[in-house]
Amino acid sequence: MQDRHVRRSVPLLAIGTLALAGALWAVGHSRSAQSRDDGEWTMPGKDYAGTRYSRLAQITALNARHLRPVWSFSTGVLGGHEGQPLVVGQTMYVVTPYPNVLYAFDLTREGYPLRWKYRPDVSAAAVGTACCDVINRGAFYADGKIVYNLLDGHTVAVDAQTGRELWKTRVADLAHGETTPMAPFVARGVVIVGPSGGEFGIHGWVKGLDLATGRVLWIAHNIGPDTMVLARSGVFKPFYDRGSELALHSWSGDSWLHGGAPVWGWLSYDRALDLLYYGVGNPGPYDAEGRPGDNKWTNSVLARRPRDGALVWAYQFTPNDNWDYDANAEMILVDLVIRGRPRHALVHFDKNGFAYTLDRVTGEVLVAEPFTGVTWARRVDLTTGRPVVDSTRLTGASRGSVRDICPSLEGGKTPVAPAAYSPRTGLFYVATNNLCMDFGASRVAHIAGTPYIGANTPYHAGPGGYMGAFIAWDAAAGRKVWEIREPYPVWSGSVATAGDVVFYGTLDGWFKAVDARAGVVLWKFKVGSGVVGAPITFRGPDGKQYVAAYAGIGGDWFLLAGDVRSDDPADVRPRADFAPELARHTSQGGMVWIFGLE
Amino acid sequence: MFVAMNCDGCHGNGAVGWVGPSLVDGRWRYGGSDGEVFHSIYYGRPRGMPAYGGILSPLATWKIVTWLRAQPLPDNVPTERWR
């Protein structure tokens with residue numbers, strides 16, 4: 001409502017409203033930058049800042065217990081249903097796991113029948129090149145187009161009205177272990193995409209495509225020489241590092257050529273600064289002794305200009321990664337008051353178990369505190385920006401099996417499960433894991449198109465015996481405010497609403513509504529399969545608020561959960577040692593659910 | 001060799017299943033005879049199994065087949081029970 005007023009106002013009034021709008025305006029909430037109407041959900045993170053916050057407030061702590069399912073749809077696909085639906089106007093869009101069908105549901109008609117569905121031609125070879133199930137993390141709506149990635153390395157744009165394919169561009173190379181499950185991001189008419197393949201020895205990158213035509217405009221690598229990383233003197237100013245060729249000299253020899261550095265998570269954008277932010281994943285192989293040096297810019301946050309990919313700043317969360325602590329989790333942009341000063345912040349819950357609050361203008365670390373059990377490092381030194389590592393938790397082929405490293409390979413939080421922020425409570429709502437591991441690394445050969453890993457990493461529950469928690473986090477102070485413990489790691493995204501209700505789902509198949517202030521579960525429903533996607537909320541054509549969520553366990557849990565693939569008689573697996581009961585509660589599934597008030 | 005060729009990266013430690021299916025459950029999607037298992041490794045299969053024939057000699061491939069066949073099979077009890 002407030003933003004519609006701003007759009008129609010004269011400039012002076014706009015400036016006054018600008019001051020009032022404060023934090024939200026600073027991250028670029030102009031007409032083109034956010035959902036056109038707050039009842040929509042037009043990009044994965046809801047807005048360019050990635051807050052996953054909706055101003056809809058019909059569902060409240062008082063009435064959430066009256067939520068009920070109003071619709072469901074089987075996607076026809078089994079596999080991890082990560083990502084989230086989009087709602088644009090009166091249409092809901094759903095992208096499935098491979099084979100990446102795009103459904104467009106008509107929300108104006110009872111039963112939400114399809115307007116159309118788009119059945120892309122996508123290569124089956126992608127199935128064997130994707131490390132961690134055939135997931136897809138969703139689409140982005142821009143300029144009348146639904147833009148998303150096919151698993152086999154293509155980005156497509158589909159006409160949002162008609163379902164007609166507008167362009168299809170090959171961006172990644174399956175033969176070299178690259179796949180593309182991530183959700184593209186569109187800023188300033190540029191579609192930004194990146195590859196998975198940190199486990200396949202890729203040379204990771206991001207590419208910018210022209211939104212209108214799909215033509216590749218630029219490619220920026222995350223590791224290697226400055227000319228490939230697009231780090232230019234005078235433009236690139238990392239806060240903690242000096243000199244040139246940082247992403248080359250922090251590798252031994254030419255190990256960066258197969259050094260990983262994938263981009264499989266979420267992006268965000270600050271319109272005022274014209275900076276795009278994203279996280280980079282792990283270096284390869286897992287045996288760190290084969291790649292001495294910091295291995296910049298793996299496990300880092302990078303800030304780039306969307307029109308040409310130029311690198312403006314970078315910060316590395318975990319140098320010389322010994323533990324697969326990919327930094328692909330979302331970078332949520334909010335303005336916070338930290339130690340008395342208002343700051344333009346970036347908040348990131350890293351796999352390494354620390355929650356970071358950075359200055360998004362410069363990359364300075366303002367706060368870094370553990371949000372779950374951490375044993376690999378004692379703390380983060382705010383002067384140097386570097387973690388103080390516990391040398392007894394270093395891994396490597398010469399060290400045998402190193403015990404009790406927390407977090408596990410799955411991270412303190414998985415980047416798959418994006419957090420949400422409520423400006424009303426000032427809190428972040430985060431799906432977390434309480435898992436630790438033993439880690440035994442081994443030497444490994446790089447064979448193109450096959451895994452480049454070299455590690456055996458059994459898991460066990462962290463202290464307390466529970467394996468996950470949904471938490472509320474104060475990113476200015478660096479502390480947990482409340483938590484809801486779960487028997488299993490929490491792997492769903494979150495959504496926060498102005499009704500002060502937040503939503504999340506569990507691996508054992510529950511979808512829950514929670515009081516955002518008190519941390520109490522208000523309502524839950526068994527959705528038929530584990531939840532690994534991110535819920536959204538939207539206003540239907542009838543003016544009512546609805547919540548939508550996917551059910552369908554998978555992603556890493558396709559690998560870890562034991563025998564959940566009931567549809568293949570040739571694949572009968574033992575139980576997961578650390579979670580022997582999980583397959584009692586869920587098998588693979590593929591559902592879209594919508595809930596509303598009675 | 002199973003580890004050196006990165007087989008465990010997809011089929012899991014001990015080939016119990018990971019990204020790719022279990023190879024030690026006594027069941028085979030593309031056939032369980034020696035020749036069929038050789039074919040799967042050497043020529044690859046649909047749904048993601050790469051062809052190792054360009055890297056492994058037939059003799060090396062037969063060694064992997066032999067190792068797989070030597071793994072202990074579970075008792076043929078198709079029921080999984082909890083409490």
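Naming convention: chains lettered A, B, ... in sequence-line order (proteins, then strands); numbering from 1 in each chain. A quick note: this is a predicted structure, and the numbers were derived from the prediction, not measured.
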Whatever's closer than 4.5 Å to a heavy atom in chain B on Glu581(A) counts as both

Heaviest contributor of heavy-atom pairs below 4.5 Å to chain B, chosen from Asp568(A), Asp571(A), Leu559(A), is Leu559(A)

Among Val127(A), Val134(A), Asn456(A), Thr129(A), residue most engaged with chain B (heavy-atom pairs, under 4.5 Å) | Asn456(A)

Tell me, out of Ala130(A), Gly128(A), Ala455(A), who's got the most heavy-atom pairs with chain B below 4.5 Å.
-> Gly128(A)

Should we say atom NZ of Lys63(B) is surrounded by more than 12 heavy atoms from elsewhere, each under 6.0 Å from it?
-> no

Contact class of Tyr52(B) relative to chain A, heavy atoms under 4.5 angstrom | side chain

Distance-minimising heavy-atom pair for Phe558(A) and Trp18(B) = CE2-O, 4.0 Å

Are the side chain of Trp82(B) and the backbone N or O of Pro580(A) linked by a donor-acceptor pair below 3.5 Å?
-> yes

Engaged part of Arg81(B) at the chain A interface, taking heavy atoms whose separation is under 4.5 Å = backbone

Name the region of Trp28(B), side chain, backbone, both or neither, that has any atom closer than 4.5 Å to a heavy atom of chain A.
-> backbone

Pro574(A) to Val16(B) - nearest heavy-atom pair and separation | CD-O, 3.8 Å

So which part of Leu23(B) gets closer than 4.5 Å to some heavy atom of chain A, the side chain, the backbone, both or neither?
-> neither

Which atoms of Ala126(A) approach chain B - backbone, side chain, both or neither, heavy atom under 4.5 Å | neither

Going from CZ on Arg573(A) to CD on Glu80(B), what distance comes out if it is rounded to the nearest 0.5 angstrom?
-> 12.5 Å

Flag the one option from Pro569(A), Ala124(A), Ala125(A), Cys132(A) with the top tally of heavy-atom pairs under 4.5 Å to chain B.
-> Pro569(A)

Quick one: what part of Asp133(A) sits under 4.5 Å from any heavy atom of chain B, side chain, backbone, both or neither?
-> neither

Return the minimal non-hydrogen interatomic distance between Ala570(A) and Asp25(B), and the atom names on each side.
-> O-OD2, 3.2 Å

Around His176(A), counting heavy atoms of other residues, nucleotides and ligands shown, do more than 12 lie under 6.0 Å from its NE2?
-> no

